Amino acid sequence: MDQSLSHIAVIGAGGMGSGIAALFAARGLDVTLIDPVDGALERAAAAIERQLRVLAPDAVAQAWARIQESTTLQAAAGADLAIEAVPEKLDLKRQIFTELDGICPPSTLFATNTSGLSINAIAQAVARRDRFVGTHFFTPADVIPLVEVVRNDATSDETVARIMEALRRVGKRPVLVQRDIPGFIANRIQHALAREAISLLESGVASAEDIDEVVKWSLGIRLALSGPLEQRDINGLDVHCAIAEYLYADLENRTTPSDLLRGKVRDGELGAKSGQGFYAWSPERREHVLRDKSAALAELVEWLNRRADS
């Protein structure tokens, strides 16, 4: 294990923060999980327990022993790396890093787990911009291997190297995003896909269930083995170009969220967390799906890793 990054502070004990904490603890690092919100750490305990049973089924107690909890940012003072995983609010993230900049020693590295906010804008809150990166984990953070490591304009090569090496040592597959752009790589592609899927639902082309079935049992399977650019090469760029000539003009290209999406948010139909979204979510179904999908994703990742190593 990278001894220079042996103590990780995770700020924010929501779904993402608890997954990051569980991951590092399961891989042998000391973790301080920080959240000042009343009840947040207690709520995180059940998620961490579930995550550790997937990550370290034979060493859950040992992994738990590496996690310390606190309600104050002062607890991050001894961390080699401080990862922020709070809600996507620029002012909140900047406030946290301003405080951390005054608490942590100059050697501490800073990382923000934003899904698409500007790394440059967040990094302006600290003096050590050369030691600041974005680390975009994916839900569930303890299972999905990829992490987007995003530079700000001042990030040093040394910081990038240390962060990426630490991520590799806990089983992640980090990629470097060289330029700070909205949404980075994955969310730009994901939102383009979701925008088209929501448009198809809104216009009555197919049900939510059938649209998801198409993606899961055609593109989803293939994308696990071939990315979109490699697949274009396999299919033939001449074929792709010919289809693009007539199809691109008909694809959804609105620059604001659809009326269907805005309406659901307005009506409180926020998905699994509210009980209704594109699907109905009972508490029992939500718990079953989260548990089952995490376990299934872990099995798939294990299979893909074995295949890559063979």
Side-chain angles (χ1 to χ4, degrees), residues 1-37 40-86 93 96-97 99-113 126 128 131-145 147 149 158-174 294 298:
M1 188 58 60
D2 184 354
Q3 294 303 313
S4 67
L5 296 178
S6 59
H7 181 191
I8 311 298
V10 180
I11 298 88
M16 189 63 73
S18 65
I20 295 170
L23 168 70
F24 282 105
R27 298 295 180 258
L29 279 76
D30 294 327
V31 176
T32 301
L33 181 61
I34 301 168
D35 200 311
V37 177
L41 293 170
E42 290 78 5
R43 289 190 294 272
I48 292 173
E49 180 77 19
R50 181 176 65 241
Q51 290 153 338
L52 289 178
R53 291 192 181 282
V54 175
L55 289 164
D58 299 323
V60 173
Q62 295 93 318
W64 256 120
R66 298 186 192 100
I67 301 176
Q68 302 297 314
E69 298 177 343
S70 177
T71 59
T72 173
L73 280 178
Q74 191 65 42
D80 302 311
L81 168 63
I83 303 176
E84 165 271 311
V86 304
K93 291 177 183 289
I96 287 170
F97 280 112
E99 294 184 43
L100 287 172
D101 205 26
I103 292 170
C104 297
S107 59
T108 302
L109 301 182
F110 289 157
T112 174
N113 182 55
V126 303
R128 63 189 87 181
R131 305 176 75 82
F132 192 106
V133 296
T135 49
H136 179 210
F137 290 77
F138 294 81
T139 305
D142 51 307
V143 176
I144 300 297
V147 179
V149 177
E158 179 188 358
T159 295
V160 168
R162 292 178 68 198
I163 293 289
M164 294 187 75
E165 176 61 18
L167 289 168
R168 290 190 187 101
R169 287 177 177 243
V170 296
K172 291 300 185 182
R173 299 177 71 95
S294 288

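Just so it is clear, the model here is predicted, and its values are computed rather than measured.
- Each of Val133, Leu81, Ile8 was compared with Leu109 under the side-chain contact (heavy atoms from CB on, under 4.5 Å) criterion, and only Leu81 meets it.
- Minimum heavy-atom separation, Ala79 to Ala9: CB-CB, 3.7 Å.
- Under the salt bridge (Lys or Arg N to Asp or Glu O under 4.0 Å) criterion, the residue pairs touching residues 51-61 are Glu49-Arg53, with sequence neighbours excluded.
- By the 4.5 Å heavy-atom criterion applied to side chains, Ser294 and Gln51 are not counted as neighbours.
- Within the 4.5 Å cutoff, side-chain heavy atoms of Arg43 are placed close to those of Val37.
- The backbone N or O of Ile48 lies less than 3.5 Å from no partner atom in the side chain of Ser18, so there is not a single donor-acceptor pair.
- Between Leu100 and Glu84, every side-chain heavy-atom pair lies at or beyond the 4.5 Å cut-off.
- Here Thr71 contributes atom OG1 and Ile34 contributes atom CD1; the two are 9.0 Å apart, rounded to the nearest 0.5 Å.
- Shown here are the salt bridge (Lys or Arg N to Asp or Glu O under 4.0 Å) partners of Asp101, two or more places apart in sequence or in another chain: Arg128.
- When each of Val10, Ile20, Ile11 is paired with Leu33, the side-chain contact (heavy atoms from CB on, under 4.5 Å) condition holds for Val10 and for no other.
- Arg131 is listed as a side-chain neighbour of Arg162, based on a closest heavy-atom distance under 4.5 Å.
- The distance from atom CZ of Arg50 to atom CG of Asp142, rounded to the nearest 0.5 Å, is 8.5 Å.
- For Ile103, the side chain to side chain contact (heavy atoms under 4.5 Å, CB included) partners are Leu73, Gln74, Ala77, not counting sequence neighbours.
- The side-chain hydrogen bond (donor to acceptor under 3.5 Å, both in side chains) test with Thr32 singles out one residue from Gln68, His7, Arg66, and that residue is His7.
- For the side-chain contact (heavy atoms from CB on, under 4.5 Å) with Pro174, the lone residue among Glu165, His136, Arg168 that qualifies is Arg168.
- Residue Arg173 places its CZ atom among 12 or fewer non-hydrogen atoms of other residues, nucleotides or ligands, all under 6.0 Å distant.
- Ring orientation note: the planes of Phe24 and Phe137 are nearly perpendicular, at an angle over 60° on the 30°/60° scale.
- In this structure, Leu5 CG and Thr108 OG1 are separated by 10.0 Å, a value rounded to the nearest 0.5 Å.
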(request) Evaluate the criterion side-chain contact (heavy atoms from CB on, under 4.5 Å) for residue pair Leu55 and Arg27; output intermediate values, then yes/no. (result) CA-CA 9 Å; Leu55 289 164; Arg27 298 295 180 258; 3.7 Å; yes
(request) For the pair Lys172 and Leu23, evaluate side-chain contact (heavy atoms from CB on, under 4.5 Å) and give the outcome as yes or no after the intermediate values. (result) CA-CA 10 Å; Lys172 291 300 185 182; Leu23 168 70; 3.3 Å; yes
